[in-house]
K.L.:
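First the structure, which I've put down as structure tokens, then a few questions once you've had a look.
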Amino acid sequence: MDKSIVLISALVLIGLIIWWFFGKRQTESVVATRQGDKQVIEVTVDGGYKPSVIELARNIPTEITFLRKDASACFEEVVLPDFGVRTHLPVNQPYVVVVNPKEVGEYKYACGMNMFFGKVIVK
Ligand SMILES: [Cu+2]
């Protein structure tokens with residue numbers, strides 16, 4: 001009786017550990033929406049980039065709309081080095097960044113100070 005309780009507790013604990021490590025690791029990514037000849041996606045800037053991972057289809061002109069709600073100086077700029085973008089973001093006003101993802105891959109982007117990060121996955 002006591003042994004089975006210990007065994008069950010141990011299994012539950014192992015389950016929790018697995019869930020913690022594998023369940024939490026998956027960062028949610030959001031796929032851009034196709035709109036005619038282009039794809040669009042919105043990223044909210046508020047204490048970070050949300051969603052932090054976005055998925056784009058290759059060779060389709062893309063409009064990433066940044067909506068900066070966070071007035072802290074940190075998010076004044078957004079830098080997407082692989083797409084040649086470095087731009088100021090206005091506060092509480094959607095700002096569209098146009099990119100044309102040519103190659104499949106994963107591309108990091110960041111705030112102007114390289115403190116907060118987002119990721120673009122091109123498929
Ligand atoms: Cu920053």
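Counting starts at 1 for both ligands and their atoms, following the listed order.
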K.L.:
Among all residues two or more places apart in sequence or in another chain, which pass the ring-ring contact (aromatic ring centres under 6.0 Å, His included) test with Tyr49?
P.N.:
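Expected list: Phe75, Tyr109.
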K.L.:
Nearest heavy-atom pair of Val104 and Arg58: which atoms, and what distance?
P.N.:
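The pair with the smallest heavy-atom distance is CG2-CD, 3.4 Å.
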K.L.:
Which residues and atoms, counting only protein N, O or S, are under 2.8 Å from the Cu ion (ligand 1)?
P.N.:
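Correct list: Cys74 SG, Cys111 SG.
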K.L.:
Verify, without hydrogens or angle tests, whether Glu77 (side chain) and Arg86 (backbone) share a donor-acceptor contact under 3.5 angstrom.
P.N.:
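No, because the side chain of Glu77 does not come within donor-acceptor range (under 3.5 Å) of the backbone of Arg86.
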K.L.:
For the side-chain contact (heavy atoms from CB on, under 4.5 Å) test, which of Ile54, Val40, Val96, Val98 pairs with Ile64?
P.N.:
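Only match with Ile64 under side-chain contact (heavy atoms from CB on, under 4.5 Å): Ile54.
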K.L.:
Verify side-chain contact (heavy atoms from CB on, under 4.5 Å) between Val122 and Glu103, making sure each step is shown before the conclusion.
P.N.:
CA-CA 7 Å; Val122 179; Glu103 280 176 50; over 6 Å; no
K.L.:
CG/Leu80 to OG1/Thr87 distance, rounded to the nearest 0.5 angstrom?
P.N.:
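Rounded to the nearest 0.5 Å, the CG-OG1 separation comes to 9.5 Å.
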